[in-house]
Amino acid sequence: MGRGKFKGKPTGHRHFTTPEELLAGSSARPRTFKKEEAEVEEEEERSEEEVEEEPEKRKGTQGLIEIENPNLAKPKNVKAKAKDLVMGKTTELSRREREEIEKQKAHERYMKLQEQGKTEQARKDLERLALIRKQRAEAAKKREEEKAVREQKKVEARK
């Protein structure tokens with residue numbers, strides 16, 4: 001045993017199993033992988049048989065004492081619509097749900113008016129569209145005239 005601040009190296013503490021211990025199976029060494037694999041397969045076979053026989057395992061004293069505690073039962077999460085059907089009465093919507101529904105309805109109304117062209121934005125868009133169509137028509141007319149002028153010059157140049 002070393003004295004002082006520093007510990008000795010762990011090489012001196014190695015333990016080797018003797019052949020007698022190996023044969024007896026009393027060694028402190030871990031089992032080989034093949035043995036472990038065989039044991040796992042055996043355990044799986046046993047567990048399959050046990051599953052069929054035993055209904056379910058319970059933790060602690062649950063298996064010993066049957067308790068009807070309403071606090072232990074977890075309530076099911078049921079959607080509001082399903083609750084209404086089950087209970088036969090309507091539940092009031094929360095403020096956020098009401099505001100969300102109102103927002104959706106307002107957006108749908110606005111989009112209908114937009115399609116009919118009754119909103120200010122739709123009027124501005126239609127005016128802009130009409131102006132663009134007018135400009136494009138004028139530009140097309142101008143191009144046609146220029147094309148006609150070029151063709152006339154070609155015809156005159158040939159004569």
Can I get a per-line list of side-chain donor-acceptor pairs under 3.5 Å for residues 116-124, giving both atom names and the distance, sequence neighbours left out?
from: Gln116; atom 1: OE1; to: Lys118; atom 2: NZ; distance (Å): 3.4
from: Thr119; atom 1: OG1; to: Gln114; atom 2: OE1; distance (Å): 2.8
from: Thr119; atom 1: OG1; to: Ala122; atom 2: N; distance (Å): 3.2
from: Gln121; atom 1: OE1; to: Tyr110; atom 2: OH; distance (Å): 2.7
from: Arg123; atom 1: NH2; to: Lys118; atom 2: O; distance (Å): 3.1

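- Arg109 pairs in a side-chain contact (heavy atoms from CB on, under 4.5 Å) with only one of the listed residues (His107, Lys112, Met111, Lys105), which is Lys105.
- Annotation: side chain of Glu100 is not in contact with side chain of Glu97 (no heavy-atom distance under 4.5 Å).
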Side-chain donor/acceptor pairs under 3.5 Å, residues 130-155, sequence neighbours excluded:
none

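- Summarising the geometry, atom CD1 belonging to Ile101 is positioned 9.5 Å from atom CZ belonging to Arg98; distances are rounded to the nearest 0.5 Å.
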